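Pasting a structure below so you can have a look.
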Amino acid sequence: MPAHLERVEQIIPCSPEQCVCGICGKEKQLIGYEASEVLDVEPAKYFVQVTKREKRACKGCEEGGVSCAPLPERIIEKGLGSDRVVIDAVINKYSFHLPLYRQSLILERESGLHLSRATLNGWMMRVGEMLTPIVTTMGQELLAGSYIQADETPVAVQMHDGRGKNHQAYLWQYGRPGGSTVFEFRLGRDREGPKQFLGTLKESSKAMDTPPTTRWVVPKSCLRRVGRMLAGNLSKQ
């Protein structure tokens with residue numbers, strides 16, 4: 001068993017008959033344990049986190065108004081899921097390929113709360129938006145080198161045009177050995193996809209007066225929190 005896993009001991013005592021010597025009738029002394037190990041699991045425990053913000057006012061100065069502690073930044077403002085639940089959904093979808101409709105059923109079964117697939121999809125989009133600065137920086141690092149590999153993988157996409165069948169789209173991969181890898185979704189396989197992707201990165205590099213890692217489209221503290229939680233969840237898998 002992996003040494004880093006917590007050990008939870010269960011002691012099974014001998015029966016009353018086993019505690020007495022069958023020859024002389026005296027009580028037997030404990031001399032040790034016969035130990036064995038099995039892998040166990042504790043199911044996820046869902047709970048409601050109640051956030052209470054202090055409200056303060058001066059009783060002697062009513063005109064001073066009421067002061068209230070600010071809400072901490074969250075990935076989904078006013079959403080039903082905490083940051084941990086959102087990141088857990090992202091890990092399940094992109095690391096374990098668990099579809100959102102199945103995650104919705106699992107959440108309802110284990111917590112009693114129904115979250116639609118559309119809600120979970122909104123979580124995925126939000127996290128993607130928050131990670132856009134990192135993806136842009138990774139792309140610019142690729143352009144700074146002298147060699148880029150490009151490849152495309154066909155993916156089936158449901159369309160709403162009434163045809164009744166999936167459209168074949170492509171997931172383009174850009175990277176280099178030992179370096180970063182960036183993916184871009186395109187509905188077609190034409191050359192305009194790579195041309196536009198690389199051109200956009202070049203224009204982005206020219207337009208930014210400061211290093212990419214210091215220009216954020218979301219609060220930096222919230223973005224760092226997403227990164228830490230993603231890394232922490234991945235390291236536990």
Side-chain angles (χ1 to χ4, degrees), residues 2 5-6 8 39-53 70-136 138 152-173 181-188 193 216-237:
L5 291 179
E6 178 187 3
V8 179
L39 184 65
D40 203 353
V41 61
E42 184 176 286
K45 177 184 176 182
Y46 289 94
F47 57 92
V48 178
Q49 180 178 344
V50 181
T51 301
K52 293 184 176 181
R53 296 181 291 154
L71 271 172
E73 293 175 343
R74 295 176 54 198
I75 298 175
I76 309 296
E77 296 294 338
K78 300 181 180 179
L80 293 176
S82 69
D83 288 357
R84 289 191 180 92
V85 175
V86 173
I87 294 301
D88 190 55
V90 173
I91 296 294
N92 286 333
K93 176 173 174 58
Y94 293 104
S95 291
F96 303 124
H97 310 287
L98 186 62
L100 294 181
Y101 78 91
R102 291 183 184 174
Q103 294 197 49
S104 176
L105 294 175
I106 293 172
L107 279 169
E108 185 172 10
R109 181 190 67 199
E110 296 185 355
S111 70
L113 177 64
H114 173 70
L115 293 174
S116 67
R117 182 170 59 178
T119 297
L120 298 180
N121 186 64
W123 293 1
M124 303 300 114
M125 297 295 290
R126 176 56 179 158
V127 172
E129 292 172 357
M130 297 179 72
L131 296 177
T132 297
I134 296 179
V135 176
T136 301
M138 293 169 63
E152 78 283 356
T153 301
V155 291
V157 178
Q158 292 182 347
M159 305 296 288
H160 300 283
D161 53 9
R163 291 184 298 172
K165 62 179 182 179
N166 291 339
H167 172 78
Q168 181 169 296
Y170 294 88
L171 192 62
W172 283 86
Q173 171 186 325
T181 301
V182 177
F183 294 89
E184 188 195 33
F185 172 80
R186 302 288 298 189
L187 285 174
W216 307 99
V217 295
V218 293
K220 287 190 288 185
S221 58
C222 200
L223 182 60
R224 286 195 296 267
R225 192 173 186 181
V226 172
R228 286 197 300 268
M229 295 183 73
L230 278 171
N233 278 273
L234 285 172
S235 65
K236 295 175 182 178
Q237 309 305 334

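Predicted, not measured: the structure shown is a model, and the values here were computed from it. Residue numbers run from 1 in the order of the sequence given.
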Please report the closest heavy-atom contact between Asp83 and Ile75, naming both atoms and the distance. OD1-N, 3.0 Å

If we ignore hydrogens and angles and just use 3.5 Å, is the side chain of Gln103 paired with the main-chain N or O of Leu98 as donor and acceptor? yes

Derivation of the side chain to side chain contact (heavy atoms under 4.5 Å, CB included) call for Phe185 and Val157: CA-CA 11 Å; Phe185 172 80; Val157 178; 3.7 Å; yes

Determine, stepwise, if the pair Thr153 / Gln173 fulfils side chain to side chain contact (heavy atoms under 4.5 Å, CB included). CA-CA 8 Å; Thr153 301; Gln173 171 186 325; 5.7 Å; no

Interatomic distance, OH@Tyr170 vs CZ@Arg186, rounded to 0.5 Å, equals 13.0 Å

Ion pair present between Glu77 and Arg74, side-chain N to carboxylate O less than 4.0 angstrom?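 Judged by the 4.0 Å cut-off on N to carboxylate O distance, Glu77 and Arg74 do not form a salt bridge.
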
At what distance, to the nearest 0.5 angstrom, does CE of Met125 lie from CD1 of Ile76?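 One gets 11.0 Å once the value is rounded to the nearest 0.5 Å.
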
Using modelled atom types and a 3.5 Å cut-off, is there a donor and acceptor pairing between side-chain atoms of Asn92 and backbone atoms of Asp88?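 Yes, the answer is positive, given that a donor and an acceptor are paired below the 3.5 Å cut-off.
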
Say whether, by atom type as modelled, one donor and one acceptor occur between the side chain of Ser104 and the main chain of Leu100 under 3.5 angstrom. no

Could you go through the side chain to side chain contact (heavy atoms under 4.5 Å, CB included) check for Leu115 and Leu80 one step at a time? CA-CA 9 Å; Leu115 293 174; Leu80 293 176; 3.7 Å; yes

From CA spacing to verdict: side chain to side chain contact (heavy atoms under 4.5 Å, CB included), Leu107, Leu120: CA-CA 11 Å; Leu107 279 169; Leu120 298 180; 4.3 Å; yes

Working to the nearest 0.5 Å, report the span between CG of Asn121 and CZ of Arg126.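 Asn121 CG to Arg126 CZ: 14.5 Å, rounded to 0.5 Å.
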
Just to verify, what does Pro43 make a side-chain contact (heavy atoms from CB on, under 4.5 Å) with, not counting sequence neighbours? none

